[in-house]
Amino acid sequence: MKIERPRGTRDFLPGEMEKRREVESRMRKIAESFGYREIATPTFEHLELFTLKSGEGIVDEMYVFADKSGRELALRPELTAPVMRMFVNECSVMPRPLRFYYFANCFRYERPQKGRYREFWQFGVELIGSDSYLADAEVINLAYQILENLGLEFELQVGHVGILRSLLSPLGNDKASKIMRLVDKGDEEGLLDYMDDIGVGQDLKEKVLSIIDLKGDEGVIDEAKELISFDFTHLENLSGILHELGVEFEFNLGIARGLDYYTGVVFECYAEGLGAQKQVCGGGSYELSSLFGGPKAPSTGFAIGFDRVCEVCNVKAKKDVTIAVISLRGFESHAFRIANRIREKGLRVVVDVMGRSLKKQMSFASEIGADYAVIIGPDEIEKGVVTVKNMETQEQKTLSEEEAITTFLSRTKG
RNA sequence: GCCCGGAUGGGGUAGUGGUUAUCCUCUGGGACUGUGGAUCCCAGGAGCCGGGUUCGAAUCCCGGUCCGGGCCCCA
């Protein structure tokens, strides 16, 4: 009986892994160039960590299970909450701000679709300890640079959930959160129905609807000022610095985010070519630390949908030089020895383990895209040399082992 | 959670109730024990699962599973 892959999961073949690793390493490099350092948290956590504040949306779609002691656990659906848990547990006395990044798999029990899987990878950062607009600017700038570096065509939208939240504060937390969720869904009808149900006044209702429709350049802020008394300095400062950095974006005050813990600036990036799953990055500022029993630590972060990014970017993995050491029958041990010598120089070498004829070994070398074939037989061993064939040019030379290695290394540098 | 469409060797496919399930590709071996991409030969490998209809099911019906797309939601 054949065992199938679980629904919503994927296998990655070597070609695809090479591309994924290339994308991953670029993300790491850029995050590290901003001073972010990698962390890792457990694949599963206490269910409570996610039910506390992440919002219904995510809780309904988690992989939840009980272990043998009856503990309620969940596979992580995202990493912000775990990172903040870790921060509270281990890092509360480290010098602020803290700059962390992660690259890890997450799990959500949803209907799989293009760009949406039950196991998926997120690359994200958290900048912990600052509530300045500068922190938001750095994080948005970093996300922007990563997506730019990968050659993605994308659109960046920036909003601020504080505006709506302050408008809704008279309604109390629960009702406000429910409204935020409806806003996030873009469900205007449901939003109106709900506001009618709970008796929201006409004036407030109109303001909410006006705010969530505000999209565009700085003019949006002026329009918002007409509607609500709110301190827009933070957003204005952020806007100024982003402009100076050449980060292209537009305001969208209707961004509400699916996760409940955002408090201030929020942002999302959309790429083309992914159908409904076009959001490749989302983030914003939040305060989770005190909720998890730690000191107050205003933070900003983002998560990039790694799989989605990989699907639309056309990054190519660099191909390493590959050498096939080919031996005649009875000379296998010589082939193994010479292969090891070449490997010591950091090169990739494959030898035959099928006991194949020279012809088949050549054919195999060709099929796997080897750059050189090194042929070992009685003639070579007797003279203490190797035969090196350039698979592309078909040029063949008799060289000492040292000369052969020099040839390969020069190819690597070129 | 909802809607639509699929599922035949590893990959791509033909086959609308009736021999041994088609073809391409692939994989292994050989022709060919000192030279790759070509050619030829041989071999390997399949109707998602469970139930039903039928003398007989890959084919028709039902359920499940999985895949693709959309809604919803999100990364």
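If you're wondering where the values come from, they're calculated on a predicted model, not measured in any experiment.
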>> By the salt bridge (charged side-chain N to carboxylate O under 4.0 Å, His left out) test, which pairs, at least two apart or in different chains, include something from residues 147-157 of chain A?
In response: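 Output for this query is empty, none listed.
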For [X] and [N], give me the distance from atom [atom1] to atom [atom2], rounded to whole Å.
X: A/Arg5; N: B/rA7; atom1: CZ; atom2: C1'; answer: 14 Å
X: A/Lys278; N: B/rC74; atom1: NZ; atom2: C1'; answer: 13 Å
X: A/Gln113; N: B/rG1; atom1: CD; atom2: P; answer: 15 Å
X: A/Arg118; N: B/rA75; atom1: CZ; atom2: C1'; answer: 16 Å

Determine which pairs satisfy ring pair (Phe, Tyr, Trp, His ring centres under 6.0 Å) with at least one residue from [range], sequence neighbours left out, and list them in order.
range: residues 6-26 of chain A; value: A/Phe12-A/Trp121
range: residues 340-365 of chain A; value: none
range: residues 135-169 of chain A; value: A/Tyr144-A/Phe154, A/His160-A/Phe230
range: residues 367-386 of chain A; value: A/Tyr372-A/Phe408

>> Heavy atoms within less than 4.0 Å of RNA chain B: which residues of residues 97-111 of chain A have one? Give them sorted by number.
In response: A/Arg108, A/Glu110, A/Arg111
> Can B/rG47 be described as syn, meaning its chi torsion is within 90° of 0, or is it anti?
Replying inline: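 Judged by the O4'-C1' to base torsion, B/rG47 sits in syn, the angle falling within 90° of 0.
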> Do A/Arg308 and B/rC74 share a donor-acceptor pair, side chain to base, under 3.5 Å?
Replying inline: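 Flag set: donor-acceptor pair detected.
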> Side chain of A/Arg7: nearest nucleotide among B/rG70, B/rA75, B/rC66?
Replying inline: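 When the side chain of A/Arg7 is considered, B/rC66 is the closest of B/rG70, B/rA75, B/rC66.
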> Taking the same atom, C1', in B/rC26 and in B/rG10, what whole-Å distance lies between them?
Replying inline: 7 Å
>> Just to verify, what does A/Glu403 make a side-chain hydrogen bond (donor to acceptor under 3.5 Å, both in side chains) with, not counting sequence neighbours?
In response: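 side-chain hydrogen bond (donor to acceptor under 3.5 Å, both in side chains) list for A/Glu403, sorted by chain: A/Ser400.
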> Along nucleotides 32-39 of chain B, 5' to 3', which nucleotides get a B, which get an S, and which get a -, given that the test is a protein heavy-atom distance under 4.0 Å?
Replying inline: B-BBBB--
Distance-only check: which donor-acceptor pairs under 3.5 Å involve side-chain atoms of residues 383-395 of chain A, not counting sequence neighbours?
from     : atom 1 : to       : atom 2 : distance (Å)
A/Thr387 : OG1    : A/Glu380 : OE2    : 2.5
A/Asn390 : OD1    : A/Glu392 : N      : 2.8
A/Asn390 : OD1    : A/Thr393 : N      : 3.0
A/Thr393 : OG1    : A/Glu395 : N      : 3.2

>> Between the side chains of A/Arg341 and A/Glu401, is the shortest nitrogen-to-carboxylate-oxygen separation below 4.0 Å, so that they form an ion pair?
In response: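 Answer for the salt bridge query: yes.
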